[in-house]
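Before any comments, here is the structure.
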Amino acid sequence: MTLVAEVIVDVAAYPVDRPFDYLVPDDMTTLIECGSRVKVPFGPRNVLGFVVLLKESTDIPLEKIKPVSQLLDIEPVLTNEMLELAKWLKHETICYEIDALQVMLPSALRAKYEKMVTLQADIELLPQSLKEIFGNSSKVNYKEFEKNNLLHELKHALNEKLVVIENVVKQKGNVKEVRKVQICNDLNKLLEIQNHISNRAKKQKQLVEWMQSHVGETIEPNTIYEEANTSSQVLQAVISLGAATFIHEEVYRDPFTKKVEKKDFLDLTDEQSTALEKIVLSMKQKQSETFLLHGITGSGKTEVYLQAISQCLNDGKEAIVLVPEISLTPQMTERFRSRFGELVAVMHSGLSVGEKYDEWRKVHEGKVKVVVGARSAVFAPFENVGIIILDEEHESTYKQEDSPRYHARDVAIWRSKFHHCPVILGSATPSLESFARAKKNVYTLLTLRERALKQSLPTVQVVDMREELQKGNRSMFSRSLMESIEVRLQKKEQIVLFLNRRGYSSFVLCRDCGTVLQCENCDISLTYHRSSEKCKCHYCGYEISVPKSCPQCESDHIRFFGTGTQKVEEELSKLFPEARVLRMDVDTTKVKGAHEQILQAFGDGQADILLGTQMIAKGLDYPNITLVGVLSADTSLHLPDFRSAEKTFQLLTQVSGRAGRHEKAGEVVIQTYTPEHYAIELSKSQEYGPFYEREMLMRHQAGYPPYYYLALIQVSHEDVMMAAEYAGKTVEWLRSKLSFNVSIIGPTASGISRLQNRYRYQCLIKYKIEPDLIPTLMQLIKLYRSDWIKKGIILSVDLDPTMI
DNA sequence: AGCACGCCGACT
DNA sequence: GTCGGCGTGCTC
């Protein structure tokens, strides 16, 4: 009986986005499973692939079918659930199946392809230049020949059949092993060895004697050096006498540097208990119900999660907790680790490839029961999921911006249906989509109206910066904010200042000719960074040092415009020279662990003012913070995006929530040039309801979600004309295919019309019900993508885009 | 995608 | 007569 495997190969291209049949060699038949990774010959090369189905026959003619060349996993890396989920993702987000499969695994398991040149004949037949490269080895990386400019010689040798080129498939990451010392488990042998050591070798004698009290143990060399007061040379010598051996032991890399204390549950308020009961009931009844937990800042949503998870673990099931990347602070993860200890794995982008792999393995091997992580943790390979939680449900980081463009919320709900378990979407400011669904009873709404410790919400004051300007205050601090800061400094309370920008100045301008420094690759002005004296592009990373004269007119009247965190810091130190300021932005948190360090320092009271960007809006929970200042609420309001009002309201509410979370009352000062805008006006009372009503009205009028669905098509090319032409062609084609209830807007140049040297055009599709949309878009890709790629056109499709 | 195959023009 | 350009088509 023959066994045939259907394999999805690691080639992301439309024509090969389907399973290929391979024969399973006899020695693999009992080991291979669906979800195993395999190495297969594909055309002239070797690639990695995933087994998606095993069957006993095939329609492929015998002369065409090839065997699997290697099985990479004894245990499959993907479950049947994941294989199903990948098919769904492929359809739902219009991506390649291989991309959908790869996104579920840590990057360490991805393939690394290397071209190797192997010697086939006597080395003496090669020209001198090639002989040198080979040296003593018979296999050399192709890159070496490229580096040394020997491609012509190589080609010649290839024609003469002296060498062959082969593609080697390797795995990116590996299991970490440590070298340990295994002490001989025979006491008598140790005694005998000790007796044979010459009296001159005192240290060796001592070590063997020490080993006699550790018979059969495995110990790290460093521990031995310390405890037995000895050195590596002595240990080497003793090992050569046979008293111990070196062994290699598999370990998990440990991303946690500090241990946490075990903590007990907190008492719940009535509201919290009611919410918890409903969730637990749903869990017990194995319902795939989606809850929207709408609780104001400080209402104790996390405590509800923790107790629900505890119930879930009691039932012998696993829990997945998703948090936005930015709020994956130690404060948050510690809270989970202090409740569930070693049962928690943490996954976020701050971990190294190896650390991510190990956290994934803990889940895969069933060593942990709870995962706390960013977006991709929604794919945690648990097999018996009891609850899935998305904290700060409205956050845009839950949507992946490149293929597969999935939303973690949708994946969570899919998995909840598979496992018959509830999903909890938690937020103080839910996305309009989710709240609308809750109102329509698609989701079950749970509300927490009061703060857990009964503290009142902070008082919010909106300051009109236009008035300040009229009264002659040209600084970036209003008088009101300055007074408040003064008061806190005197009372030794802490202040958080929030600025929605980084860098020193937004742009660099020549005062004589008005030239603004621009990025070479993108249509974006460069941002001045004071610490490095450089001008950087925040989109592609391009940077130049600050020019002494204008590149256009050579005038030396160069000025820096706009406000960034560095400039605020400078002004702060002028206004309040005694205040200790900590700055937290992308620049000061580049180094691994810097994020934690800054927060820790602020929490310990080492500074009076924390000044930062987006990243301080979440998760900060220190009792001594009593003042929050928002320097300019407008920055996010004027973005060309239909969600800008929602984003602004969410941000203001989140930031305000940082103040007065404990005994001391909090105060918030919001500075703005548009105090009359409803997103700002309504954030004063921090009431979600009125904002929701108002924003829904706007969405209805403008035809945006949740009233309509959106799809965004983007066409880009290095040449403007090409990009525009093909964007036009695309829109024309779509208009001819889609029905009249679908409106197609565009093509228009994208917000940032040139990015990384490509001009971008986009069109927006708005629809209510259009069953043909996905098939039509797939047809568009099928008909045109591979053809256009040869012309340099990149066509991308984003269903339910978060930003437009 | 990435590679071989094949056809055509420029050179030893 | 051979080398290398890139258009075409296939990958179990």
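Residue numbers begin at 1 in each chain, while the letters A, B, ... track the order of the sequences. All values derive from a computational prediction rather than experimental measurement.
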Within the pair A/K64 and C/dC12, is there a side-chain N or O less than 4.0 Å away from OP1 or OP2?
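No, outside the criterion.
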
What is the separation between atom [atom1] on [X] and atom [atom2] on [N], rounded to the nearest whole Å?
{"X": "A/R45", "N": "C/dT11", "atom1": "CZ", "atom2": "C1'", "value": "8 Å"}
{"X": "A/L48", "N": "C/dT11", "atom1": "CG", "atom2": "P", "value": "21 Å"}
{"X": "A/Q102", "N": "B/dA1", "atom1": "CD", "atom2": "C1'", "value": "14 Å"}
{"X": "A/I60", "N": "C/dT11", "atom1": "CD1", "atom2": "P", "value": "9 Å"}
{"X": "A/F42", "N": "C/dT11", "atom1": "CZ", "atom2": "C1'", "value": "4 Å"}
{"X": "A/N46", "N": "C/dT11", "atom1": "CG", "atom2": "C1'", "value": "13 Å"}
{"X": "A/E6", "N": "C/dC12", "atom1": "CD", "atom2": "C1'", "value": "10 Å"}
{"X": "A/K66", "N": "C/dC12", "atom1": "NZ", "atom2": "C1'", "value": "8 Å"}

With A/K131 as the cation and A/F134 as the aromatic partner, state whether NZ or CZ is under 6.0 Å from the six-membered ring centre and within 45° of the axis.
no

If you draw the axis of the six-membered ring of A/Y704, does the NZ or CZ of A/K766 fall within 45° of it and under 6.0 Å from the ring centre?
yes

Apply the test ring-ring contact (aromatic ring centres under 6.0 Å, His included) to residues A/Y708 and A/F642: give CA-CA distance (whole Å), side-chain angles for both, the deciding distance (0.1 Å), then the verdict.
CA-CA 12 Å; A/Y708 286 85; A/F642 71 95; over 10 Å; no

Identify whether any heavy atom of [X] sits under 4.0 Å from a base atom; if not, whether one sits that close to sugar-phosphate; answer base, sugar-phosphate or nothing.
{"X": "A/Y22", "result": "sugar-phosphate"}
{"X": "A/L23", "result": "nothing"}
{"X": "A/R785", "result": "nothing"}
{"X": "A/P61", "result": "nothing"}

Which of these passes salt bridge (Lys or Arg N to Asp or Glu O under 4.0 Å) with A/R361: A/E250, A/E75, A/E355?
A/E250

Which nucleotide sits closest to the side chain of A/P44: B/dA4, C/dC12, B/dA1?
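My answer, after comparing the listed nucleotides, is B/dA4.
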
Flag, side chain of A/K791 to backbone of A/H717, donor-acceptor distance under 3.5 Å:
no

